[in-house]
There are 2 protein chains.
Amino acid sequence: MSGREKLAAKAPAKSKNASKKKPRYLELADELREAVLRGDYPDPGDFPTESVLCKKYDVSRFTVREALRKLTAEGLITRKRGSGTVVQPATARAGALHQPLSNVGEILQYARDTTIAFEKKKAGAIPKDVVEQIGAKADGDWFAFRGKRMKPGRKRPIAVTEAWVHPELADAVAQIDVNATTLFGQIETLGEVSVARVTQDIQAIKGTKDILSELGLEKGDPVLRILRCYFDESDRMFEISASYHPGERFAYSMHIEVD
Amino acid sequence: MSGREKLAAKAPAKSKNASKKKPRYLELADELREAVLRGDYPDPGDFPTESVLCKKYDVSRFTVREALRKLTAEGLITRKRGSGTVVQPATARAGALHQPLSNVGEILQYARDTTIAFEKKKAGAIPKDVVEQIGAKADGDWFAFRGKRMKPGRKRPIAVTEAWVHPELADAVAQIDVNATTLFGQIETLGEVSVARVTQDIQAIKGTKDILSELGLEKGDPVLRILRCYFDESDRMFEISASYHPGERFAYSMHIEVD
DNA sequence: CAGTGGTCTAGACCACCGG
DNA sequence: CGGTGGTCTAGACCACTGC
């Protein structure tokens with residue numbers, strides 16, 4: 001199972017791989033997120049208070065608050081001084097159409113509920129219209145992929161995705177599992193880079209014939225294109241992806257917290 | 001010594017409007033933001049370190065870090081362990097087409113560069129398709145507005161916006177300046193609510209005849225619809241807006257920081 | 001009123017980066 | 001190496017909520 005869980009046993013776990021030790025507050029956030037998604041807190045008021053969490057996990061309030069801050073940013077919970085922390089009802093989320101994606105974690109979560117099989121294409125230059133839109137230089141022959149993202153129980157795909165990986169990441173590309181959920185997740189594991197920043201451009205366009213037929217749409221149907229650029233800590237762009245979604249059947253949903 | 005400035009008498013300030021006392025870290029963020037925008041740190045490396053800021057403003061590191069966290073979220077600065085804090089060059093910002101909107105502050109900034117004149121319409125129920133899409137109840141007769149958003153130097157509008165304001169905010173609605181940049185900004189000032197959360201749904205749709213002609217588009221051109229719901233601190237939805245953008249001429253652009 | 005989350009202090013250790 | 005920002009502790013006071 002896509003083990004992201006470190007959990008109880010403090011076993012130092014010196015996996016030789018590059019996975020550095022996660023801060024405690026992120027581990028805690030992962031545990032709490034799983035608990036929420038698993039349904040451990042069915043009623044909105046079931047979520048523990050900060051002080052309870054401090055004791056239960058034997059960490060300081062700072063650590064608890066950092067974890068809860070993350071879950072708040074993800075829209076999983078809502079907090080209010082004086083009353084407490086409540087899990088956000090699944091009402092607004094997961095309408096059949098909605099895909100909440102307000103941060104990278106949620107991109108992963110969204111990917112987890114869907115399946116995709118990429119096909120490796122010949123490496124080459126990135127299409128002109130894509131380069132223009134992102135307004136950054138992306139020279140050289142990038143490794144190209146193409147896939148169709150499906151959601152269980154639906155006939156038609158929710159996206160057709162094209163992606164390009166930086167020419168220097170040949171080692172990682174060679175090991176890519178073409179049936180995994182996301183490319184950048186694998187590149188993070190295989191390569192030495194990790195995502196620090198993502199930019200997105202969202203547009204409504206007329207789909208090309210190819211795209212339309214793959215999405216099961218008709219001529220003239222609008223298509224939502226999401227162009228993503230992935231940057232590492234040193235601000236190097238290492239992956240570009242273009243996803244084409246059926247306009248009427250798909251909504252890109254996000255929320256913004258004010259601080 | 002200086003300990004903590006109790007701030008002279010708490011000026012009661014019972015203005016019905018909400019001019020509550022701002023936390024120190026937000027004040028600090030405001031000061032630093034102004035300094036950056038004023039150009040006090042022309043070179044990227046000029047920005048002070050945390051310890052310098054602690055001394056200069058006589059606050060703890062926690063307070064400094066909260067302020068810097070805010071500026072980081074706004075994309076104003078970038079921070080790296082070991083090297084320091086650098087102001088983000090204005091290079092990437094403000095592509096002609098791009099409208100970065102990853103937080104409410106940026107929605108406001110985007111509005112600042114554009115103009116809009118709203119027209120008050122008759123209050124009434126919210127259209128069915130909108131209600132369905134947001135998946136929340138919005139009963140009663142909401143105050144309706146409609147406007148066209150223009151960008152200086154461009155002939156065609158970048159958006160047609162419809163908005164609805166909660167029936168209970170009649171007082172605020174009565175005072176609304178129909179030529180201001182945003183409705184929710186005014187409602188915040190006039191009413192007793194303030195934005196705590198925004199949700200957005202983005203879709204590619206076929207525009208109606210009305211919308212298309214107002215945007216200067218032709219039949220069959222795709223339209224990007226952004227549906228926003230504004231919530232206050234008590235999670236009450238007090239405004240809904242639907243913006244229709246020309247698909248090919250407009251990109252919704254955002255960036256996500258990974259934490 | 002007791003308990004919640006929001007703000008804040010004064011420490012500490014660490015991983016990382018530059019000179 | 002010294003200094004940076006990232007993580008974390010153990011306190012504290014407060015504004016606000018619910019009962």
Side-chain angles (χ1 to χ4, degrees), chain A residues 6 10 18-29 32 44-55 57-73 77-87 192 194 196 232-235 257-259, chain B residues 1-7 10 12-14 18-29 32 44-55 57-73 77-87 192 194 196 232-236 257-259:
Chain A
K6 282 295 166 50
K10 299 256 231 91
S19 87
K20 335 232 159 159
K21 189 176 163 287
K22 237 185 196 175
R24 186 75 186 94
Y25 76 93
L26 286 181
E27 288 182 6
L28 179 52
L32 292 173
D46 290 346
F47 200 88
T49 66
E50 292 184 357
S51 64
V52 168
L53 291 172
C54 287
K55 280 168 207 146
Y57 292 94
D58 189 34
V59 293
S60 76
R61 210 178 144 208
F62 172 88
T63 304
V64 165
R65 286 179 62 78
E66 286 296 304
L68 295 184
R69 188 195 290 250
K70 187 147 208 304
L71 299 187
T72 303
I77 57 175
T78 288
R79 329 192 60 215
K80 184 144 55 178
R81 167 165 37 190
S83 50
T85 300
V86 298
V87 318
E192 283 150 15
S194 76
D232 69 4
E233 314 85 339
S234 304
D235 246 25
E257 302 286 334
V258 179
D259 37 7
Chain B
M1 21 207 89
S2 50
R4 173 141 152 63
E5 205 179 342
K6 269 311 166 53
L7 243 254
K10 295 172 56 151
K14 25 201 51 163
S19 115
K20 332 214 161 171
K21 183 177 167 292
K22 245 187 194 174
R24 186 75 186 92
Y25 76 94
L26 286 181
E27 288 180 5
L28 179 52
L32 292 174
D46 291 346
F47 201 87
T49 67
E50 291 184 357
S51 64
V52 168
L53 291 172
C54 288
K55 280 168 205 147
Y57 293 94
D58 190 35
V59 294
S60 77
R61 212 178 143 209
F62 172 89
T63 304
V64 165
R65 287 179 61 78
E66 286 296 304
L68 296 185
R69 186 192 289 241
K70 184 147 209 304
L71 299 188
T72 303
I77 57 175
T78 288
R79 328 193 61 217
K80 187 139 60 176
R81 167 161 43 187
S83 41
T85 300
V86 299
V87 319
E192 283 151 16
S194 75
D232 70 3
E233 314 86 338
S234 304
D235 245 27
R236 292 174 304 199
E257 303 286 335
V258 178
D259 39 7

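Letters A, B, ... are given to chains in the order of the sequence lines, protein chains preceding strands, and every chain is numbered from 1. Computed from heavy atoms alone, side chains included, the values below leave out hydrogens, waters and symmetry copies.
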Notebook entry, point to check: Taking the side chain as C-beta and beyond, is there a heavy-atom pair between B:T85 and B:L71 under 4.5 Å?
Noted result: no

Next item on the list: Please report, rounded to the nearest Å, how far the P atom of D:dG5 is from the CZ atom of B:R65.
Entry: 8 Å

Next item on the list: Step by step, work out the side chain to side chain contact (heavy atoms under 4.5 Å, CB included) result for B:L68 and B:L53.
Entry: CA-CA 10 Å; B:L68 296 185; B:L53 291 172; 4.2 Å; yes

Checklist line | Carboxylate-amine/guanidinium proximity below 4.0 Å for B:E50 and B:R61 | finding: yes

Notebook entry, point to check: Quick one: B:R24 CZ to D:dC14 P, roughly how many Å, whole number?
Noted result: 18 Å

Next item on the list: Starting at atom OH of A:Y57, determine the distance to atom C1' of D:dC8, rounded to an integer number of angstrom.
Entry: 18 Å

Item checked: B:T49 vs D:dT4: side-chain N/O to OP1/OP2 distance below 4.0 Å -> yes

Notebook entry, point to check: C:dT9 phosphate, OP1 or OP2: any side-chain N/O from B:S60 under 4.0 angstrom?
Noted result: yes

Pick out the pairs of N or O atoms, protein on one side and nucleotides 11-15 of chain C on the other, that lie under 3.5 Å.
| unit_1 | atom_1 | unit_2 | atom_2 | d |
| --- | --- | --- | --- | --- |
| C:dA12 | N6 | B:R61 | NH1 | 2.9 |

Margin query: Using the side-chain heavy atoms of B:P23, tell me which of these nucleotides is nearest: C:dT7, D:dT7, C:dT9.
Written below: C:dT7

Check: Among D:dC8, C:dG5, D:dG5, which nucleotide sits nearest the side chain of B:T85?
Finding: D:dG5

Next item on the list: Respond yes when some side-chain nitrogen or oxygen of A:T63 is under 4.0 Å from OP1 or OP2 of D:dT9, and no when none is.
Entry: yes

Notebook entry, point to check: Between B:E66 (CD) and D:dG5 (P), how many Å, whole number?
Noted result: 15 Å

Note to self: What's the separation between atom NZ in B:K55 and atom OG1 in B:T49, rounded to the nearest 0.5 Å?
What the structure shows: 7.5 Å

Check: Does a nitrogen or oxygen in the side chain of B:S51 sit under 4.0 Å from OP1 or OP2 of D:dT4?
Finding: yes

Note to self: Rounded to whole Å, please give me the gap between NZ in A:K80 and P in D:dT17.
What the structure shows: 7 Å

Notebook entry, point to check: Atom CD of A:E50 and atom P of C:dG6: how far apart are they, to the nearest Å?
Noted result: 6 Å

Notebook entry, point to check: In terms of side-chain heavy atoms of B:R79, which of D:dG18, C:dG5, D:dG5 is nearest?
Noted result: D:dG5

Notebook entry, point to check: How long is the line joining CG of A:L68 and P of C:dG5, in whole Å?
Noted result: 8 Å

Note to self: Nearest 0.5 angstrom please: A:K70 NZ to A:L32 CG, how far?
What the structure shows: 12.0 Å

Check: Roughly, in whole Å, what's the span from CZ in A:F62 to C1' in C:dT9?
Finding: 13 Å

Notebook entry, point to check: At what distance, to the nearest 0.5 angstrom, does CZ of A:R69 lie from CZ of A:R79?
Noted result: 10.0 Å

Next item on the list: Report yes if some heavy atom in the side chain of A:R24 is under 4.5 Å from a heavy atom in the side chain of A:Y57; otherwise report no.
Entry: yes

